[in-house]
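Please read the structure below before turning to the comments.
Read the numbers this way: they start at 1 and go in the same order the structure lists the ligands and their atoms. The structure presented is a predicted model; accordingly, all values stated were derived computationally and were not measured.
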Amino acid sequence: MRKLADTCRRKGKTIGLVPTMGALHDGHLSLIRKSAKQNDFTIVSIFVNPTQFGPDEDFGKYPKAFKSDCDEAQTAGADMIFHPSVDGIYPDGFQTFVDPGPIADKLEGAARPGHLRGVATVCVKLFSICKPHRAYFGQKDAQQLAMIKSVTRDLNLDLKIVGCPIVRTKTGIAMSSRHSYLAESGLKKAVTIYDSLKHAKRLVKAGETDIAAIRAEMTGLIKTATGAKVEYISFNSWASLDEVNLISGKVLISLVVIINTVRLLDNIIIHSKH
Ligand code: PAF
């Protein structure tokens, strides 16, 4: 992989990297298309990264679809699939991790200790191996995107991180590989998650700045429509992820809802003039 990346660079070709864990959906494909537009050579990595899963999480059963992933990635514009083994990325004696700092302790970091440290570590390794000029991440995992930008800046990594908009199903559900865990009834319930975010946006547009009031309305809407458990609804300044008490400036509203034991994430960034 490194030799190929070196050859590309020697020939003056730009490299785009789309890191994935496979089970590709339209969200991933939109990243690949964007990379293919902006670069001469697009690498899609497919690697289910063990260090970002907790001991009781779904590492062992994470959805896999390697053959169709390759076909779909190629159709979307990928020039190469990088599919390393776990031993290749974490050989015996591996002991170095990237600590992203406090940005990784809140939100998903609080719910899944060590998760973002694992993501940061594998991404820095993928950057080092694939040598991209640009790497593409979806805003669906907004904290991951903010954290990777922060790590790239803090470690002076020589690439640009490109954030891309969330891709949704026709009914508004943010695309996720973990949807395969949900039955039809679960997917129907999941529609309410984006409804609650749109409702929050409307409230802000109408002048509401009180976070407790917005959170209460969102929770009420989800509970009434689905009975699902809201794990958290958080309001953070974008992109520092500092928690905010009032809506002002660029604010990330993110939430996790548990439907049929599946944790579903979604978010929206609102621009308030207050
Ligand atoms: O978003 C993902 O799929 C993963 O966290 C990533 C960025 C591929 C790292 O394993």
Self-check item: Steps toward ring pair (Phe, Tyr, Trp, His ring centres under 6.0 Å) verdict (Tyr232, Phe235)
Solution: CA-CA 10 Å; Tyr232 68 73; Phe235 297 77; over 10 Å; no
Exercise. Would you please indicate if the ring centroids of His83 and Phe66 are separated by under 6.0 Å?
Key: yes
Quiz item: Relative to each other, are the rings of Phe53 and Tyr62 parallel, tilted or perpendicular (30° and 60° limits)?
Solution: perpendicular
Quiz item: Counting from 1, what ligand 1 atoms have a heavy atom of Gln144 closer than 4.0 Å?
Solution: 1 (O), 2 (C), 4 (C), 5 (O), 7 (C)
Quiz item: If you draw the axis of the six-membered ring of Phe41, does the NZ or CZ of Lys11 fall within 45° of it and under 6.0 Å from the ring centre?
Solution: no
Quiz item: Quick one: which ligand 1 atoms are inside 4.0 Å of a heavy atom on Pro19?
Solution: 8 (C)
Practice problem: Under 4.0 Å from a heavy atom of Val122: give me the atoms of ligand 1 that qualify, with their elements. | Solution: 9 (C), 10 (O)
Quiz prompt | Pair Arg263 + Glu108, salt bridge at N-O below 4.0 Å | solution = yes
Quiz item: For ligand 1, which atoms sit closer than 4.0 Å to a heavy atom of Thr20?
Solution: 8 (C)
Exercise. Have a look at His115, Met21, His28, Gln52 and point out the one with the heavy atom closest to atom 9 (C) of ligand 1.
Key: Gln52
